[in-house]
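To start, the structure under review is shown below, and the notes come after it.
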Amino acid sequence: MYHLITELLLKVDRVLAAIDSNGKDKEELLELKSELHSYSGKVFGLVDISIREGLRQRGITLIKNVYTGFDTEYKKLNTKYNKILSAQ
Amino acid sequence: MPFNVEYKLGTMNTDTGIIYPINKMWRDHKKIDFDKIERQIQYYVSDIRRMKHSLNDRSLTFLINGLIKEGVPYFTKDGNINFSFERTIVKIFFKTDDLESLKFADVTRIGINLVERDMDEKERELYSLLKSLFNQGVEGDYFGERGPNTIFLNKDSNQLNLTKSNLDSTTFVNIDTTGGITSSVPKGGKESKKYTRTNKSSFTAERISLTTRRVFYLIGHLTQADLSLLKDFNDIKDRLDIVNKCFVTRGPSDINLYGYDVVLRDTLLLAPGGQKSLAAIGSMYRDLNKITLSKFEIENMDLLMVDKPELFKEYALRDSLICLIHACYIEDANFKLDKLSIPLSLSILGSNYLRKSWSDSGYSGYQISPDYLIGDASKTSTPRGLFSAGAIGLKTNLYIANYKGGRNESFLYGIDRSTK
């Protein structure tokens, strides 16, 4: 089933590409192009998520890590409390 | 950075989201030609990508090839190539006043403020590098006639010094004592989003989507002692996990401050057995020995702070530096095992090492099906389970019936290939 849907998506996108390269300025094709765009989006939504992953426009992910070594010094006041002296 | 991989059918565990390859038993089932289905879907995917995203894919390929050629350490996993860049210089912060009001959020804010400027500078350098790599790619300096989806992974590039630890870099342990911090709130404010997504056209001809994620690692030793001294400890303790009496965060972090996911790690869990003390960890690194104090000085730190303030400061800073450098070293080791982030414990690092060794030797693990685990006889000893597990499933019951007890534990932190 997903195989057929993906094939359908390919056909729609091919027609769109053909319109873009040959007749994008022709007014009579504008409506068809708009309909096909909408149709392409709908068909894309029907494709299995694993295939959709392969069709997505992908970008870069930047992970910015901050590393902090944290320590405190303290003075033991009694069995229950400490007094903090420094944090670094 | 993503790159195109061949489409493979798989099964997903809906609880964990992990995708497993199609079971060999199913693949050998002659009624369904999985290979043919995969080939056909791959053909459609490639064709659609060529029509819609060829320029985007071409730009990414130039960047990936360029970074590999530059010798940036990397590993590939799940259709992504992960690069690791140099860390910024270590900055220090030492506070002795107004400590009663010190909060967890303050520690995060101070840590971010200390390095934010350096990180922005590094980010600009990275974009500049990517731009030059893209231009080189366009000019065809070394990509030549390669197609837009070709990844340049020749043997020369694979000889990247992946085993070289960033710790060898002299900049790693350089400490900047001059850069003060401001009390200002980091960019974006306290409640800013942990992800930002922008479309960048500064380093490629095409607009490339750039998602930025920020992680703040707070690393301590015996964190239960340090964190309990913070003013808002009662407010944050519900969001922390306890492992071997240490406060840590497990899994995706529940704490988000100033746009950073806050991850807590304890070096006690990252130290080998018998070497758990901070002094033992420090002794593993050059010039990082814990400063020795007398018993009287340790028991009377308030007197030491007054009598010998420089010694007190050096002692205090060294402890936090040992935590920082050890955690970074462990992260580097984890990166070499194709994993990102600082692992929670050394056992997890050992597990990653084992899985990488299996993967490198072509062994995919002993479980045959993710749905029918060997050891879960209640599921495996069913018609569907036996079909999935094959001969092992048939023999497991006999094995279980004859198993009369016993206990065996093993911990693998490395493989000793020299002992025969």
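We name chains A, B, ... by the order of the sequence lines, and we start the count at 1 in each one.
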Under 4.5 Å to a heavy atom of chain A? For K52(B) that would be side chain
Close side-chain approach of E73(A) and F312(B), heavy atoms under 4.5 Å: yes
CG (D97(B)) and OG (S86(A)) are apart, to the nearest 0.5 Å, by 11.0 Å
Does the side-chain contact (heavy atoms from CB on, under 4.5 Å) test come out yes or no for R58(A) and R49(B), once each step is laid out? CA-CA 11 Å; R58(A) 292 167 298 193; R49(B) 286 206 75 81; 3.5 Å; yes
The interface call for L230(B) against chain A, heavy-atom contacts under 4.5 Å, is side chain
Applying a strict 4.5 Å limit to non-hydrogen atoms, the region of Q42(B) in contact with chain A is neither
Chain A shares the most heavy-atom pairs under 4.5 Å, among Y315(B), F216(B), Y195(B), with F216(B)
Partner of I51(A) under side-chain contact (heavy atoms from CB on, under 4.5 Å), picked from I41(B), I48(B), L9(B), is I41(B)
When the 4.5 angstrom heavy-atom criterion is applied to R197(B) and chain A, the contacting part is neither
Honestly, the part of Y81(A) sitting under 4.5 Å from a heavy atom of chain B is neither
Whatever's closer than 4.5 Å to a heavy atom in chain A on L126(B) counts as side chain
Nearest heavy-atom contact between P2(B) and G59(A) is CD-O, 3.0 Å
So, the part of Q57(A) with a heavy atom under 4.5 Å from chain B: the answer is both
### Task
Go through the steps to decide whether D302(B) and K83(A) satisfy the test side-chain contact (heavy atoms from CB on, under 4.5 Å), and finish with yes or no.
CA-CA 9 Å; D302(B) 51 339; K83(A) 179 180 169 21; over 6 Å; no
Contact check, side chains of M119(B) and N65(A), non-hydrogen atoms, under 4.5 Å
no
Other residues, nucleotides, ligands: >12 heavy atoms within 6.0 Å of Y74(A) OH = no
If one checks every heavy atom of L218(B) against chain A at 4.5 Å, the contacting part turns out to be both
Greatest number of non-hydrogen atom pairs under 4.5 angstrom with chain A, of D319(B), T96(B), T267(B), D226(B), falls to D226(B)
query: Any chance CD of E6(B) has more than 12 other-residue heavy atoms, nucleotides or ligands included, within less than 6.0 Å?
result: no
The reported gap from NZ in K231(B) to CD1 in I84(A) (rounded to nearest 0.5 angstrom) is 13.0 Å
Stepwise side-chain contact (heavy atoms from CB on, under 4.5 Å) test for S320(B) and F70(A): CA-CA 5 Å; S320(B) 54; F70(A) 176 64; 6.0 Å; no
NZ of K91(B) to OG1 of T68(A), rounded to nearest 0.5 Å, is 12.5 Å
Scored by heavy-atom pairs under 4.5 Å with chain B, the best of L55(A), T72(A), I60(A) is I60(A)
The interface call for K76(A) against chain B, heavy-atom contacts under 4.5 Å, is neither
Interatomic distance, OG@S341(B) vs CD1@I63(A), rounded to 0.5 Å, equals 9.0 Å
So, the part of A316(B) with a heavy atom under 4.5 Å from chain A: the answer is both
Within the 3.5 Å criterion, strictly below it, is a donor on Y67(A) or E331(B) matched to an acceptor on the partner's side chain? yes
Turns out that what part of L210(B) lies under 4.5 Å from chain A's heavy atoms comes down to both
Note: vs chain A, highest number of non-hydrogen pairs under 4.5 angstrom among L303(B), L99(B), L60(B), V45(B) is L99(B)
The interface call for Y7(B) against chain A, heavy-atom contacts under 4.5 Å, is side chain
### Message
More than 12 heavy atoms of other residues, nucleotides or ligands under 6.0 Å from NZ of K313(B): yes or no?
### Response
no
When the 4.5 angstrom heavy-atom criterion is applied to M305(B) and chain A, the contacting part is side chain
Cut-off 4.5 Å, heavy atoms of chain A, and the answer for N300(B) is both
side-chain contact (heavy atoms from CB on, under 4.5 Å) test vs L62(A) passes for just one of F83(B), F85(B), Y127(B), namely Y127(B)
Bottom line for I342(B): the part with an atom under 4.5 Å from chain A's heavy atoms is side chain
TODO: Without swapping roles, check the side chain of K64(A) against the backbone of Y260(B) for a donor-acceptor pair under 3.5 Å.
DONE: no
